Amino acid sequence: MTLINHRCNQSATSRAAAPALSLVLVALLSACTVEGVTDANETNANGGDTNSPQPEQPAAATPTIVRGSLSAAQLTNDSTTTIQAAFALVSESNGETLPEIIPSTDSTPDVNPLAPVEPVTPVDVEEPDEVVPDEAVPDESDVSDSDDADAENPESETPAQEPTVEEPITEENSDTDTGADQDSNTSDGDQQEPEPEQEPEPEPEPEPEPEPEQEQEQEQEPEQEPEQEQAQTPTDTDNETDIGFGLTSFTSVTNPGFTGEVLDDAIRIRWQADPEARGYNVYKQAEYYTTVFDTEFIDTDVYDSDYYYEIQAFDFDDTLYYIATGLTVSARTLGRTDPDAPQPNDQLLQDYELVFSEEFTNLSLDTSKWNTSFLWGADLFINGEEQYYVDIANDPDFGFNPFTFDGEHLTINTIETPDELSAKAQNQPYLSGIITSYDAFKFTYGYVETRAKFTHGRGYWPAFWLLNAYYVDASPEIDIMEFIGHNQDVVYHTYHYFDSEGNLRSTKSFPVPGVDYTADFHTFGVEWLPGKLIFYIDGIETYSIVDANVSSQEMYVIANQAVGGWWAGSPDATTPVPGEYVIDYIRVYQRTTPFEDFQFDQSTDLIPLFIESPGEVIPNKRPSFLLWPEGYPEGQ
C-alpha cells in the first residue's frame with residue numbers, strides 16, 4: 001500500500017502545475033492524497049518510517065550461553081601444560097533457535113595458548129540494558145575486535161524476520177564468534193511488499209475470547225512447577241535444604257567459603273571465585289584430579305569414604321596458587337565401597353600383647369608415667385625452636401600448665417608467653433608441653449601407636465617419636481609422626497642414627513599425604529623389628545625401612561608440640577592460638593613369639609648421610625657438648 005501511495009503523490013504534483021484541471025481529476029487526486037496521508041499516519045503511529053520501509057521487528061530474545069567441553073590439563077604443583085578451551089554460543093530469537101555458531105579454529109601465531117581470555121559478550125538486540133549471564137565462557141578469540149565491529153555496524157542489531165539458514169555456520173561464512181553478522185544477512189527487509197495484503201487480519205477480533213482459556217492454562221502451570229522443583233531439591237538446592245533430605249554438608253576448616261555436599265551418588269564442592277583466576281585445578285587426596293572453569297565441581301568417582309579437596313587457581317600468567325584448602329568430605333550414604341582401597345592390617349597385633357598404655361581418662365597428668373621435660377632440662381633448646389616446655393612435674397607453680405584433660409583426651413596447649421612469665425621461660429616467645437616415658441618405661445622392639453589430631457597453623461610442629469635411652473653408640477631416633485602445621489594434609493616418617501664416625505645418617509622424611517590431619521583423629525604407629533621398621537597410619541602400611549642399622553638400643557616414647565625451628569618456621573599472623581595437640585591414647589605392644597632371623601648385606605649402607613636439609617641445617621638430636629657434657633659419657 002505504501003508503494004501505491006507514493007505513485008499517487010507523484011501524479012498529484014505534476015497535475016498541480018497545470019492551470020486547467022478538470023473537477024473530475026481534482027476529485028480523484030484529492031481522494032488519492034487523502035488515502036496516502038491516512039496510510040502514512042497509520043504507519044507512523046505504529047513506529048514505522050515513511051521514508052525507509054522496515055519490516056516489523058520481533059521481540060528481542062534473551063541470549064543464552066552454553067559452556068562447551070574443556071580439556072583438563074595435567075597440571076601439577078611444579079609444571080603447567082596448555083589448556084585449550086572450547087565453547088558454544090546459542091541465541092534464541094522470536095521463539096526459534098538460531099543456527100549454532102562454531103568459533104573459528106584458525107591459529108594465530110602471536111597468541112599464547114594460556115593468554116588472558118575474556119568472557120564472550122552476547123550481541124544485544126534492541127535492549128541495551130540486557131544483562132550478560134555470569135556463566136560467560138572464556139573464548140580463545142579476540143572478543144574486543146568483534147565488539148568494536150558491532151558498534152560500528154548498528155544494522156547488525158536488527159534481527160532477521162525469518163532466518164533462512166538452517167545449517168550451522170562454519171568458519172568459512174562466519175566473520176566473528178558473536179554471531180552478529182548472520183542476523184543482518186539472513187533476510188532483506190526492503191522487499192516486504194505483500195505485507196499490505198495482511199491488513200484484513202484484524203477482522204478475526206473474536207480471538208480474544210479464547211485468550212482467557214489460555215490464561216487459565218498458564219495459571220495451572222505454576223501449580224505443577226513447585227512439584228517439579230521439590231523433586232529436584234535433593235541435588236539442586238543449597239546445603240541447608242540438602243541436610244533436610246538426610247544428606248550431609250561440610251565446610252573447610254581454613255576457608256569457610258569452601259564447602260562440600262554429599263549428594264545421592266556424588267560429591268559436590270563449591271568455592272569462592274578468585275578475581276585473578278582464569279581457571280581452577282581440583283586436587284583430590286593431595287593429587288591433581290581435574291581442571292574446571294567454574295566455582296563448583298561434582299565428583300562422581302566417589303565411594304563411602306573420606307575425601308580431601310584443595311583448589312589451586314591459575315591466572316593469565318600461568319601462575320599457580322592455592323585459594324582453598326582444608327575441605328574433608330565424609331561420604332557414608334552412597335552405598336558403594338571402593339574395591340581398590342587399601343585395607344588396614346587386621347593381623348598386625350596377632351602375636352603382640354599390650355605392655356604400656358595411657359588412655360588419658362584422668363583429669364590430670366599421671367607423673368608416675370610421664371616426665372615433662374627432656375633429659376637436659378627445660379632451659380636448653382634444640383633445632384632453633386621457639387617454645388619453652390613447661391616442666392610441671394618439677395615446677396608445678398610455673399604459672400601455666402600446658403596439659404588439659406576432658407576425661408577422654410590429653411591436650412597439649414601452646415600459647416604465646418605472657419609478659420610476666422617471659423623471664424622464667426628464658427625469653428622464649430611460646431609456652432608448650434612435652435611428655436616422655438623415660439623414667440617409667442623403656443623397651444626394645446614392639447609396636448607403638450597413638451591416636452591424635454592437630455591444629456592447622458604455621459609454626460606448629462607436633463611429633464610422636466622414640467629416642468634412644470642412652471646417648472652412646474648410634475643414638476638412634478624413630479620419628480613415627482611429624483606434622484608441619486601449615487601443611488595440613490601431610491605427615492612424615494623418618495629414621496636417624498649416627499654412624500661409627502659420628503656422622504648423622506637419615507632417611508629422607510617420607511611424606512604421607514591424602515587427608516586433612518587436623519579435621520579428625522588418626523592413628524600413627526610403627527612396628528619396630530630387628531633390622532626393619534614398618535610405619536602405619538590408620539592401620540594401613542605407609543612406609544618401611546630394612547637396614548642392619550635400624551636401632552637395637554633401648555628406647556622410650558615422646559610426644560611434644562614444638563614451635564618454630566628450621567623446619568616448621570616461625571608462626572605468623574594467621575597462626576591460631578592456642579595450638580592444640582590432642583591425644584586420645586598412647587599404647588605399646590611387644591611380641592609374644594620369637595622374631596624371624598634377618599640377613600643383611602653389611603657392605604652397603606642403605607641409609608644415606610644426612611646431607612640435604614631445609615636451610616642446610618642439620619637437626620640436633622641433643623644439645624651440644626658444651627651445653628650438656630653429661631650427655632656425652634665418652635666425651636664425643
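Owing to the predicted nature of the structure, the values given are computational and were not obtained by experimental measurement.
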Self-check item: Full working for ring pair (Phe, Tyr, Trp, His ring centres under 6.0 Å) between Phe524 and Phe454
Solution: CA-CA 13 Å; Phe524 308 94; Phe454 324 108; 5.8 Å; yes
Self-check item: Qualifying residue, where the test is ring-ring contact (aromatic ring centres under 6.0 Å, His included) with Phe356 and the options are Tyr589, Trp370, Tyr447
Solution: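 Single ring-ring contact (aromatic ring centres under 6.0 Å, His included) partner of Phe356 among Tyr589, Trp370, Tyr447: Trp370.
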Using a strict 4.0 Å threshold on nitrogen-to-oxygen distance, state whether [X] and [Y] make a salt bridge.
X	Y	result
Lys284	Glu310	no
Lys442	Glu554	no
Glu359	Arg587	yes
Asp304	Arg336	no
Arg451	Asp538	no

Measuring only between side-chain heavy atoms, which start at C-beta, is [X] closer than 4.5 Å to [Y]?
X	Y	value
Met481	Phe483	yes
Thr254	Gln488	yes
His496	Leu504	yes
Thr259	Pro256	no
Phe498	Arg505	no
Tyr495	Pro476	yes
Ile269	Ile311	yes

Pair [X] + [Y]: ring centers closer than 6.0 Å:
X	Y	result
Tyr585	Phe360	no
Tyr322	Tyr283	yes
Tyr517	His456	no
Phe464	Tyr581	no
Phe297	Trp271	no
Phe443	Trp528	yes

Quiz prompt | Result of checking Ile434, Asp391, Ile435, Asp439 against Asn371 for side chain to side chain contact (heavy atoms under 4.5 Å, CB included) | solution = Asp439
Quiz item: Only one of Ile480, Asp479, Ile484, Val512 clears side chain to side chain contact (heavy atoms under 4.5 Å, CB included) with Tyr492; which?
Solution: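 With Tyr492 as partner, Ile480, Asp479, Ile484, Val512 yield a single side chain to side chain contact (heavy atoms under 4.5 Å, CB included), made by Ile484.
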Quiz item: Roughly how far apart are Leu529 CG and Ile545 CD1, rounded to 0.5 Å?
Solution: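 Separation between the atoms: 12.0 Å.
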Quiz item: Does the pair Phe535 and Tyr543 meet the rule for a ring pair (Phe, Tyr, Trp, His ring centres under 6.0 Å), with working shown?
Solution: CA-CA 5 Å; Phe535 295 88; Tyr543 182 53; 5.8 Å; yes
Quiz item: Asp306 and Arg332: salt bridge (Lys or Arg N to Asp or Glu O under 4.0 Å), yes or no, with the steps?
Solution: CA-CA 9 Å; Asp306 294 339; Arg332 296 294 184 272; 2.9 Å; yes
Practice problem: Determine whether the side chains of Asn394 and Thr372 contain a donor N or O and an acceptor N or O closer than 3.5 Å. | Solution: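 No - no donor-acceptor pair under 3.5 Å links their side chains.
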Quiz item: Do the side-chain N and O atoms of Glu385 and Gln387 include a donor-acceptor pair separated by under 3.5 angstrom?
Solution: yes
Quiz item: Between Leu431 and Ala425, which heavy-atom pair has the shortest distance, and what is it?
Solution: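 In terms of heavy atoms, the two residues are closest at CD2-CB, 3.6 Å.
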Practice problem: Carefully, step by step, assess Ser475 and Tyr470 under the rule side-chain contact (heavy atoms from CB on, under 4.5 Å). | Solution: CA-CA 7 Å; Ser475 299; Tyr470 312 102; over 6 Å; no
Practice problem: Using modelled atom types only, decide if a donor and an acceptor are shared between the side chain of Asn281 and the backbone of Thr291 within a distance under 3.5 Å. | Solution: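 Answer holds: no.
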Quiz item: In terms of the angle between their ring planes, are Phe510 and His493 parallel, tilted or perpendicular, with boundaries placed at 30° and 60°?
Solution: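 Phe510 and His493: parallel rings.
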Quiz prompt | Parallel, tilted or perpendicular: ring planes of Tyr388 versus Phe398, cut at 30 and 60 degrees | solution = parallel
